[in-house]
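Here the structure comes first, spelled out in structure tokens, and everything after it is commentary.
Letters go in sequence order (proteins before strands), and every chain restarts at 1.
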Amino acid sequence: MSSAVDATGNPIPTSAVLTASAKHIGMRCMPENVAFLKCKKNDPNPEKCLEKGRDVTRCVLGLLKDLHQKCQKEMDDYVGCMYYYTNEFDLCRKEQEAFEKVCPLK
Amino acid sequence: MTEAMIRKKPGMASVKDMPLLQDGPPPGGFAPVRYARRISNTGPSAMAIFLTVSGAFAWGMYQVGQGNKIRRALKEEKYAARRAILPILQAEEDERFVSEWKKYLEYEADVMKDVPGWKVGENVYNSGRWMPPSTGELRPDVW
């Protein structure tokens with residue numbers, strides 16, 4: 001699977017797509033992630049943390065769609081490079097810089 | 001042609017008086033040959049060699065430390081990426097697990113409906129903590 005989007009244009013959260021946007025996720029979805037992890041630490045039962053999990057999923061999938069709309073070509077290149085090199089950051093520096101120039105981390 | 005015919009000397013009485021034909025040194029003898037050791041005492045002193053070697057070692061270890069710093073930064077980047085995407089992966093798995101677990105509980109209720117006193121899906125442990133099911137089949141569609 002070398003395309004980052006499914007039929008309706010939403011980015012599919014494959015490992016390549018997720019690692020490519022990992023820095024953005026870590027920065028912009030940090031509150032939801034932290035809340036989910038705290039809930040999990042409190043009680044590992046999956047049924048108890050479903051709401052927070054849905055918050056996380058909503059945030060991350062929305063962020064992926066947003067990134068894909070803003071810098072489609074750079075993100076596709078970066079995701080393709082990640083897919084080719086199995087999520088090795090050091091082998092995709094060029095594509096990473098191009099991606100972060102267009103969609104900055106701020 | 002015998003030797004006597006070649007090397008004869010006039011007035012020779014027997015073969016034993018023939019002039020000598022030997023391989024010998026040239027007149028005046030050979031030139032003298034040096035066979036004494038000549039190992040010079042010049043060159044770097046022991047302290048100089050020691051300092052050079054330890055200097056090279058120290059510089060090499062410094063380069064190793066720099067390289068380790070770079071490698072640690074790369075590993076940190078990888079681990080930070082994994083930490084960032086852990087929650088969404090866990091959330092997706094939780095959703096899948098909850099739906100599968102509900103189906104399993106219905107199946108269990110169906111199978112055990114005639115057994116008196118059976119509480120469906122009760123925790124087999126008494127600690128109160130949630131434990132993942134240990135049926136040995138984590139994801140039957142995958143395994």
Problem set entry | Salt-bridge contact A:K40-B:D94 (side-chain N to carboxylate O under 4.0 Å) |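 Between B:D94 and A:K40 there is a salt bridge, with a charged N closer than 4.0 Å to a carboxylate O.
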Problem set entry | Side-chain heavy atoms of B:W130 within contact of A:D43, under 4.5 Å |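 Result yes, sub-4.5 Å side-chain heavy-atom pair found.
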For this session: Could you check if a side-chain atom of B:W101 sits within less than 4.5 angstrom of a side-chain atom of A:P46, using non-hydrogen atoms only?
Result: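 Side-chain contact under 4.5 Å: no.
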Exercise. What distance do B:F97 atom CZ and A:N45 atom CG have between them, rounded to the nearest 0.5 Å?
Worked result: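 Reported value, rounded in 0.5 Å steps: 7.5 Å.
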Residues of [range] under 4.5 Å from chain A (heavy atom pairs)?
| range | value |
| --- | --- |
| residues 52-73 of chain B | none |
| residues 76-92 of chain B | B:E77, B:K78, B:A81, B:A84, B:I85, B:L86, B:P87, B:I88, B:L89, B:Q90, B:A91, B:E92 |
| residues 35-47 of chain B | none |

For the [atom1] atom on [X], are there more than 12 heavy atoms of other groups (residues, nucleotides or ligands in this structure) within a distance under 6.0 Å?
| X | atom1 | answer |
| --- | --- | --- |
| A:K101 | NZ | no |
| B:M12 | CE | yes |
| A:K65 | NZ | yes |

Should [X] and [Y] be counted in the same cluster of Ile, Leu, Val, Met, Phe, Trp and Tyr side chains packed under 4.5 Å apart?
| X | Y | answer |
| --- | --- | --- |
| A:L91 | A:Y84 | yes |
| A:M27 | A:L63 | no |
| B:V115 | B:V111 | yes |

Hey, which of [options] has the most heavy atom pairs under 4.5 Å with chain B?
| options | answer |
| --- | --- |
| A:S15, A:P44, A:G53 | A:P44 |
| A:V56, A:I25, A:N33 | A:N33 |
| A:T19, A:L50, A:T57 | A:L50 |

Exercise. Where on A:L18 is there a heavy atom nearer than 4.5 Å to chain B: the side chain, the backbone, both, or neither?
Worked result: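 When you check distances to chain B, atoms from both the backbone and side chain of A:L18 fall under 4.5 Å.
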Problem set entry | Under the ring pair (Phe, Tyr, Trp, His ring centres under 6.0 Å) test, residues paired with A:Y78 that sit two or more places apart |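 For A:Y78 the ring pair (Phe, Tyr, Trp, His ring centres under 6.0 Å) partners, ignoring immediate neighbours, are A:F99.
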